[in-house]
Amino acid sequence: MKSFRIFIFLAASLILLALLAAFYPQPGYSIAGHRLRYPSLTSILNPQKQMDIDAYLARQDSLNNLLRLQQDSLNAFRAYLDTSDIRFWFPNHDDSFFDTLFSQFNSIPQSGRTIRILHYGDSQIEMDRITNRLRSYMQSHFGGGGPGLVPFATLIPSLSVSTYGTGNLVRQSPFGDSLVVRAAGNYGPMVQDFHVDGSATSSIKAGTHRSCDSRLLSFNRAKFIFCNRPGPLSVTISSRQGTHQQFECPDEGVHAVEYRFDSLTDNIHIAVSGHADLYGTLVDRGPGVAVDNIPMRGCSGHQFTQINADQLAQAYALMDVGLIIMQFGGNSVPYLRSAKSISNYCKEMGNQIDRLHRCCPQALILFIGPSDMCSRPDSVSSLRTYSWLPQVVDSLCATATAHGAAYWSIYHAMGGANSMPAWVNNGLGSPDYVHFSQKGADIMGDRLANAFDNMYRLYLLRKESQQ
């Protein structure tokens, strides 16, 4: 009889708890400044299932292995690309979008060019994360080396390069804290620069972190880009080996001075004297492909229309840009809570793409949307993808392709809705359920590189079929 009573008690308790879950208001009750919440019956009966991240990534690898067995079939390749989680979306569904870029890459041995990929993004790409893996792929296939475009002084630490600037320098940017000077559009291709009034020096050294690709460790070219103000600007570029070259620019406007070293070096020094806005230095080992990491912490990507268009166009013309990547959206997701707010944000992103098309007409543009991002709707609910995030991803894709840019979705490449908890629990994501860990960023960078590799192989298959 005692066991039966215990059973009745437990059953009654469960029924009461279920009724409480069914009828308890989800916003909870506010008492004395504290909110009392209780999980919903749905969340109890249907707990969120977490994806198996290892199986997911292995499945994608197996698809790539299968694809290598089908290289003789252009249709099979296209069918795979249309369903892959790491696919690109293209304007007018044109899968030849990157063909002209790949053609230029393949002709580098004859042209001797150093073709640039500019990777703009928010904090997801800080410290050269994601970019470093794309750079490794591009330079291993098409040549080149060095870290690419670096600022005159440290803006954000990087694993791939160390930059130390001193002198009469004032940082200028359309974003950032109160210490940053707003300068009426005089920001240049890094969307922030340093104004010098007098003398200043910059030391640039290749990264030594274990994650650095070997191609980063040395370079033989330095091109210093600046916007000169009234009066001559004197520039001296030197290397560890003691070689140096002095330049003097008497004219106002956007200019560049370039020095090619006789041998590879891992350290250069730049000294300037005058009155100018210092945009940065292209540190490369050419010819080949250069991939520039340009992080913009806290930004949603609407700063490009705040740069002086003429100056930006002149700077791009000095850089031989083949592709511009815009990776934004994550900083806006928590604040996009209606269809109208999403529409307004996407319209603004369309304006940014249009501005870059006008300033750099020879370059293709790729927009990379936000990752999966999770929050708790209330203090007791499990982590869930932001409710409007899938619509943000779809709307950004539609906007990018409508404005002549390709689109790539980190959200899909990591597994879609509610995938971030699995990445975090496997050490691939940050505890904020927004950012990747270094290991996770490396995986995502490799997935982006694999997406480009798929398109390059399609390009080669298409060429073979035309012969």
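A quick note: this is a predicted structure, and the numbers were derived from the prediction, not measured.
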The single option from Arg113, Arg116, Lys223 passing salt bridge (charged side-chain N to carboxylate O under 4.0 Å, His left out) against Asp284: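 Exactly one option meets the salt bridge (charged side-chain N to carboxylate O under 4.0 Å, His left out) with Asp284, and it is Arg116.
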Look at the side chain of [X] and the backbone N and O of [Y], then say whether any donor-acceptor pair between them is shorter than 3.5 Å.
X	Y	answer
Ser395	Val392	no
Thr305	Gln352	no
His357	His403	yes

Beyond-backbone contact of [X] with [Y], side-chain heavy atoms, under 4.5 angstrom:
X	Y	value
Phe304	Met349	no
Leu134	Ile325	yes
Met444	Leu428	no

In a check of side-chain contact (heavy atoms from CB on, under 4.5 Å) between Val321 and each of Leu118, Asp292, Leu364, Ile115, which one passes?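 Per the side-chain contact (heavy atoms from CB on, under 4.5 Å) rule, the option paired with Val321 is Leu118, out of Leu118, Asp292, Leu364, Ile115.
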Apply ring-ring contact (aromatic ring centres under 6.0 Å, His included) to Phe88 and Phe452, showing your working. CA-CA 9 Å; Phe88 290 100; Phe452 271 103; 5.1 Å; yes
I'd like to know whether CG of Asn92 has more than 12 heavy-atom contacts from other residues, nucleotides or ligands below 6.0 angstrom.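 Counting other residues, nucleotides and ligands, CG of Asn92 stays at 12 neighbours or fewer.
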Arg297, CZ: over 12 other non-hydrogen atoms inside 6.0 angstrom: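 Atom CZ in Arg297 is not packed in, count stays at 12 or less.
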Non-hydrogen atoms of Tyr433 and Met420 that approach each other most closely: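 In terms of heavy atoms, the two residues are closest at O-CG, 3.5 Å.
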Shortest non-hydrogen separation from Cys360 to Ile324 and the atoms involved: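 The pair with the smallest heavy-atom distance is CB-CD1, 4.0 Å.
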Counting only pairs under 3.5 Å, give me each side-chain donor-acceptor contact of residues 143-160, with atom names and distances, residues two or more places apart or in other chains.
| unit_1 | atom_1 | unit_2 | atom_2 | d |
| --- | --- | --- | --- | --- |
| Thr154 | OG1 | Thr163 | O | 2.1 |
| Ser158 | OG | Ser160 | N | 3.1 |
| Ser160 | OG | Asp128 | OD2 | 2.4 |

Not counting sequence neighbours, list each pair that qualifies as a salt bridge (charged side-chain N to carboxylate O under 4.0 Å, His left out) and has a residue in residues 326-344.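 Residue pairs passing salt bridge (charged side-chain N to carboxylate O under 4.0 Å, His left out), neighbours aside: none found.
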Can you see whether Gln311 engages Tyr279 through a side-chain donor-acceptor pair at a distance of less than 3.5 angstrom?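 The criterion, which ignores hydrogens and geometry beyond distance, is satisfied for Tyr279 and Gln311.
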Check this for me: does any side-chain nitrogen of one of Asp453 and Arg457 sit under 4.0 Å from a carboxylate oxygen of the other?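 Answer for the salt bridge query: yes.
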